[in-house]
Amino acid sequence: MAMASSSSAAVATSHAFARLGIPSKEHRRITTAVFNPRSPSLRHPPHRDLSLLRRLRTGSAAAPTFSVRCSSALTPELKSTLDKVVTSHKVVLFMKGTKDFPQCGFSNTVVQILKSLNVPFETLDVLENEFLRQALKDYSSWPTFPQLYIDGEFFGGCDITVEAYNNGQLQEELEKAMCS
């Protein structure tokens with residue numbers, strides 16, 4: 001990632017957190033951690049030993065034993081911030097693009113549904129920050145975007161939102177959230 005785009009993404013992410021009411025001290029700390037090139041979560045894995053791979057392919061080396069360790073992009077600090085973001089408004093949509101300029105058809109579909117219901121909602125553009133996008137997948141246990149949160153709880157993606165809209169469940173959930 002080029003320094004200029006990293007810097008502009010950091011600023012955009014910081015502005016998005018500010019718009020959602022996250023204290024500047026906290027979003028500055030998270031944004032700095034996310035965009036710090038020395039951050040352990042952003043380090044690239046060590047280069048593979050190509051000679052070992054060639055020998056394995058030809059059968060001249062014994063297959064090594066690997067232990068697999070999964071790492072999550074969701075740090076405790078980022079989880080805490082995401083908890084605050086999803087509870088800071090009744091309806092929050094993590095999407096590709098903005099509500100005024102969606103960058104994918106699925107995000108656009110959910111935006112249009114929410115607008116048609118005259119529901120106030122906040123959005124956060126996941127395209128601005130790859131690290132945040134990966135962390136959100138871990139946070140919600142949902143692999144795709146958009147991700148809709150109602151009253152602090154993950155509701156679903158585009159397909160679930162469309163289905164719930166068609167059967168009236170979405171309207172019920174939104175009414176309940178607006179009244180609480």
Side-chain angles (χ1 to χ4, degrees), residues 1-2 5-22 26-27 30-36 39 41-42 44 70-167 169-174 176-178:
M1 178 180 267
S5 65
S6 175
S7 176
S8 62
V11 170
T13 302
S14 183
H15 286 294
F17 283 152
R19 192 179 78 239
L20 292 171
I22 303 301
E26 187 162 338
H27 67 77
I30 297 297
T31 303
T32 301
V34 167
F35 288 98
N36 181 352
S39 173
S41 59
L42 298 178
H44 297 288
C70 297
S71 65
S72 171
L74 186 62
T75 64
E77 296 85 10
L78 189 51
K79 182 188 181 311
S80 173
T81 299
L82 290 173
D83 287 340
K84 289 177 184 169
V85 168
V86 300
T87 57
S88 65
H89 297 279
K90 297 290 184 178
V91 181
V92 178
L93 180 64
F94 293 97
M95 61 178 287
K96 294 180 179 178
T98 65
K99 68 171 94 173
D100 296 323
F101 193 61
Q103 295 292 303
C104 95
F106 300 111
S107 293
N108 184 46
T109 298
V110 175
V111 166
Q112 295 310 313
I113 288 172
L114 294 173
K115 284 182 175 181
S116 76
L117 296 172
N118 293 319
V119 175
F121 64 100
E122 290 297 323
T123 62
L124 198 70
D125 184 359
V126 298
L127 294 176
E128 293 176 346
N129 185 325
E130 174 66 27
F131 187 77
L132 177 64
R133 185 166 56 246
Q134 294 306 318
L136 275 164
K137 291 176 182 181
D138 294 337
Y139 181 78
S140 64
S141 300
W142 194 259
T144 60
F145 292 95
Q147 293 182 5
L148 180 62
Y149 286 79
I150 300 175
D151 214 12
E153 296 292 323
F154 177 67
F155 184 78
C158 182
D159 291 345
I160 289 172
T161 302
V162 169
E163 182 180 332
Y165 174 73
N166 289 335
N167 68 25
Q169 181 189 0
L170 178 62
Q171 294 85 326
E172 289 176 22
E173 288 293 322
L174 290 170
K176 218 178 345 175
M178 294 302 148

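Along the sequence shown, residues carry numbers from 1. Computation of the quantities below employed the complete heavy-atom set of this structure, encompassing side-chain atoms and omitting hydrogens, waters and symmetry-equivalent molecules.
- Between the side chain of Q171 and the backbone N or O of Y165 there is at least one donor-acceptor pair closer than 3.5 Å.
- Between G152 and T87 the shortest heavy-atom distance is CA-CG2, 4.1 Å.
- Atom NZ of K90 and atom CG of L174 lie 11.5 Å apart (nearest 0.5 Å).
- A 4.5 Å side-chain heavy-atom check between Q103 and D125 finds every atom pair outside the cut-off.
- Rounding to the nearest 0.5 Å places CG of L127 at 10.0 Å from OG1 of T98.
- Distance CG/L117 to NZ/K115: 13.0 Å, rounded to 0.5 Å.
- When every heavy atom of D151 is checked against every heavy atom of A177, the shortest pair comes out as CB-CB, 3.9 Å.
- Proximity of a side-chain donor or acceptor of S107 to a complementary backbone N or O of P102 within less than 3.5 Å is not detected.
- The shortest side-chain heavy-atom distance between M95 and V110 does not fall under the 4.5 Å cut-off.
- Under the side-chain contact (heavy atoms from CB on, under 4.5 Å) rule, L148 has a single partner from L170, V92, I113, I160, which is L170.
- Once rounded to the nearest 0.5 Å, the distance linking CD of Q147 with NZ of K137 reads 9.0 Å.
- Here the CD atom belonging to E122 is positioned 5.5 Å from the NZ atom belonging to K99, to the nearest 0.5 angstrom.
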Residues Q134, D138; criterion side-chain hydrogen bond (donor to acceptor under 3.5 Å, both in side chains); working and verdict: CA-CA 7 Å; Q134 294 306 318; D138 294 337; over 6 Å; no
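- With sequence neighbours left out, the salt bridge (charged side-chain N to carboxylate O under 4.0 Å, His left out) criterion links D159 to no other residue.
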Steps toward side-chain contact (heavy atoms from CB on, under 4.5 Å) verdict (F106, F145): CA-CA 8 Å; F106 300 111; F145 292 95; over 6 Å; no
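- Proximity of T109 to T161: side-chain heavy atoms (C-beta onward) are nowhere separated by under 4.5 Å.
- For F154, the ring-ring contact (aromatic ring centres under 6.0 Å, His included) partners are W142, Y149, not counting sequence neighbours.
- Atom CD of E163 sits in a sparse spot, with 12 or fewer heavy atoms from other residues, nucleotides or ligands closer than 6.0 Å.
- Remark: of the listed residues T81, T75, D83, D83 is the sole one forming a side-chain hydrogen bond (donor to acceptor under 3.5 Å, both in side chains) with K79.
- The CG atom of L124 lies 8.5 Å from the CG atom of L82; values are rounded to the nearest 0.5 Å.
- A side-chain contact (heavy atoms from CB on, under 4.5 Å) with Y139 holds for exactly one of V85, L78, V86; it is V86.
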